[in-house]
Amino acid sequence: MGTLIGTIVDEITFTVERGKVAEFARATYTQDPVHTDQNAAAEAGFASEPATGTHVVVAGHHRDQRAVVAHLGLELSRIVVGSVKWEYERPLLVGDNLTGIRIIIGDETKEGKRGGSMRVITLETKFRDKNGLMVSRQQETLIERGQS
């Protein structure tokens, strides 16, 4: 299969919701009340409650992951997530309406250390706010293990 670098994988839009921010805060044992209390957020200088650091994973609820896997030409049963990282230009805030465009920035086949080959695909999603300003970048690496 030829390289897919530069291909747009998907585009999604979602709103940073107060309830989801509170759920992430609970799930990650976040103690800072700025994530769950409007007054604490305002006292800390935020326009509304800031989301926790991994909040953009919510985007996955708005994606058709099976269609993405098919589009990439991968077999779901052989995929593992190699890594995920996030960079933020500013905190995500309750009420932000974000659009994320995910593209392929890496697509290579490597020989595995235990024999066989593996395909490594790196995806990047740039999340922009309603004004078109980038607020976050997510990079994820998918590894498709070779058939045994």
Side-chain angles (χ1 to χ4, degrees), residues 1-30 32 34-38 41 46-148:
M1 169 174 255
T3 184
L4 297 174
I5 294 175
T7 301
I8 294 176
V9 176
D10 60 13
E11 180 175 339
I12 52 96
T13 299
F14 67 97
T15 300
V16 177
E17 299 173 12
R18 181 169 281 114
K20 283 291 181 200
V21 170
E23 287 175 15
F24 270 78
R26 273 193 309 278
T28 58
Y29 301 100
T30 303
D32 192 337
V34 298
H35 301 290
T36 56
D37 182 281
Q38 292 178 27
F46 295 105
S48 60
E49 300 95 313
T52 56
T54 59
H55 192 82
V56 292
V57 299
V58 168
H61 297 287
H62 302 276
R63 291 183 160 134
D64 181 348
Q65 298 291 27
R66 290 194 183 275
V68 168
V69 168
H71 179 76
L72 295 173
L74 302 172
E75 187 176 315
L76 186 60
S77 65
R78 296 191 340 240
I79 298 172
V80 295
V81 176
S83 67
V84 180
K85 67 179 180 178
W86 298 271
E87 296 175 10
Y88 289 89
E89 298 295 319
R90 68 162 176 82
L92 304 181
L93 301 174
V94 166
D96 277 340
N97 190 332
L98 304 177
T99 297
I101 298 176
R102 183 162 55 167
I103 66 167
I104 300 169
I105 62 169
D107 183 5
E108 61 185 316
T109 300
K110 297 180 177 184
E111 289 303 312
K113 292 181 181 173
R114 290 182 254 166
S117 64
M118 60 185 169
R119 185 168 172 211
V120 180
I121 297 179
T122 305
L123 306 169
E124 180 179 73
T125 306
K126 292 181 179 177
F127 293 95
R128 297 183 183 277
D129 64 16
K130 65 182 179 184
N131 298 316
L133 300 174
M134 190 162 64
V135 297
S136 179
R137 176 182 292 114
Q138 178 181 340
Q139 205 171 84
E140 55 196 312
T141 301
L142 304 178
I143 301 169
E144 181 184 45
R145 298 168 292 160
Q147 293 178 322
S148 14

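Numbering starts at 1 and runs along the sequence shown.
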Determine the minimum heavy-atom distance between [X] and [Y], stating which atoms define it.
X      : Y      : result
Pro50  : Pro91  : CB-CB, 4.3 Å
Glu111 : Ser117 : OE2-CB, 3.9 Å
His62  : Ile12  : O-CG2, 3.4 Å
Thr36  : Ala25  : CG2-CB, 4.0 Å
Arg137 : Glu124 : CD-OE2, 2.9 Å
His35  : Val21  : O-CG1, 3.3 Å

[Y] side chain reached by [X] side chain, heavy atoms, under 4.5 Å:
X      : Y      : result
Trp86  : Phe127 : no
Val135 : Asp96  : no
Val84  : Val57  : no
Val68  : Arg102 : yes
Asp129 : Arg90  : yes

Quick one: pull up [atom1] in [X] and [atom2] in [Y] and give me the separation to the nearest 0.5 Å.
X      : Y      : atom1 : atom2 : result
Leu123 : Gln139 : CG    : CD    : 9.0 Å
Ile79  : Leu142 : CD1   : CG    : 6.0 Å
Lys126 : Glu11  : NZ    : CD    : 13.5 Å
Leu98  : Arg128 : CG    : CZ    : 11.5 Å

**Request:** Could you tell me which residues satisfy ring-ring contact (aromatic ring centres under 6.0 Å, His included) with Tyr88, sequence neighbours excluded, listed by chain and number?
**Result:**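 If we apply the ring-ring contact (aromatic ring centres under 6.0 Å, His included) test to Tyr88, skipping adjacent residues, there are no hits.
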**Message:** Treating Asp107 as the side-chain partner and Leu4 as the backbone partner, does any N or O pair qualify as donor plus acceptor under 3.5 Å?
**Reply:**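 Such a contact is found between Asp107 side chain and Leu4 backbone.
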**Item:** Expected output: side-chain Thr125 to main-chain Gly100 donor-acceptor under 3.5 Å
**Value:**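 No: the side chain of Thr125 does not pair with the backbone of Gly100.
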**Prompt:** Taking only residues at least two apart or on different chains, which pairs with a member in residues 12-21 satisfy side chain to side chain donor-acceptor pair (under 3.5 Å)?
**Reply:**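 Qualifying pairs: Thr13-Thr99, Arg18-Glu49, Lys20-Glu23.
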